[in-house]
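Heavy atoms only: backbone and side chains are in, while hydrogens, waters and symmetry mates are out.
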Amino acid sequence: MSLSKRNYNKMFKDYPDVVSAKDVAEMVGIGLKKAYRLLRTGEIRAFRCGNTFKAAKIEVIEYIYVRQCAQHNGNDPEQK
């Protein structure tokens, strides 16, 4: 795990290891609808638990890390 990922782990230390869609929205800084879309489409790996989605905190950290690297390299998919 790189230094940057360790920093993200520290930033999200107050979140449980398995997070809800609401937690994902807070962590990523997006709306709940978009959080559900990311979880439903697999952009953030998740699993269904009844009628809701759950994701491992490390999956959210990985999503943020990869997105940050893409933005830094000028390959942000959200910009297209």
Side-chain angles (χ1 to χ4, degrees):
M1 189 178 280
S2 73
L3 179 60
S4 296
K5 285 188 182 180
R6 277 192 223 115
N7 288 339
Y8 282 122
N9 255 340
K10 288 178 186 175
M11 183 170 35
F12 297 130
K13 69 180 182 349
D14 294 334
Y15 286 91
D17 289 338
V18 177
V19 296
S20 67
K22 181 181 175 194
D23 294 330
V24 171
E26 290 173 5
M27 294 166 80
V28 180
I30 57 176
L32 190 55
K33 258 185 151 174
K34 185 163 184 178
Y36 273 113
R37 184 177 59 80
L38 292 174
L39 296 169
R40 189 176 57 253
T41 62
E43 287 185 66
I44 296 176
R45 288 190 342 170
F47 59 94
R48 290 197 59 114
C49 185
N51 290 334
T52 189
F53 283 95
K54 299 285 185 179
K57 178 170 60 175
I58 192 67
E59 296 296 339
V60 180
I61 293 167
E62 182 72 20
Y63 171 81
I64 294 169
Y65 182 75
V66 168
R67 183 135 183 260
Q68 178 187 2
C69 289
Q71 286 176 340
H72 179 70
N73 293 327
N75 298 326
D76 184 12
E78 293 289 320
Q79 299 295 321
K80 294 181 181 178

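Cluster membership check: V66 does not share its hydrophobic cluster with L39, using side-chain heavy-atom separations under 4.5 Å among Ile, Leu, Val, Met, Phe, Trp and Tyr.
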Exercise for the section: Decide yes or no on side-chain contact (heavy atoms from CB on, under 4.5 Å) for I30 and L38, but give the supporting numbers first. Expected result: CA-CA 10 Å; I30 57 176; L38 292 174; 3.5 Å; yes
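Between S20 and K54 the shortest heavy-atom distance is CB-NZ, 4.2 Å. When every heavy atom of F12 is checked against every heavy atom of K57, the shortest pair comes out as O-NZ, 3.3 Å. Nearest heavy atoms, I64 versus M27: CD1-O, 3.9 Å. Annotation for V24 and A35: closest pair CG1-CB, 4.1 Å, computed over non-hydrogen atoms.
For the atom pair CZ (R67) and CD (E43), the distance works out to 9.0 Å, reported to the nearest 0.5 Å. In this structure, R45 CZ and I58 CD1 are separated by 11.0 Å, a value rounded to the nearest 0.5 Å.
You'll find the side chain of I61 stays beyond 4.5 Å of the side chain of Y15, heavy atoms only. Side-chain contact check for Y36 versus T52: some heavy-atom pair is nearer than 4.5 Å.
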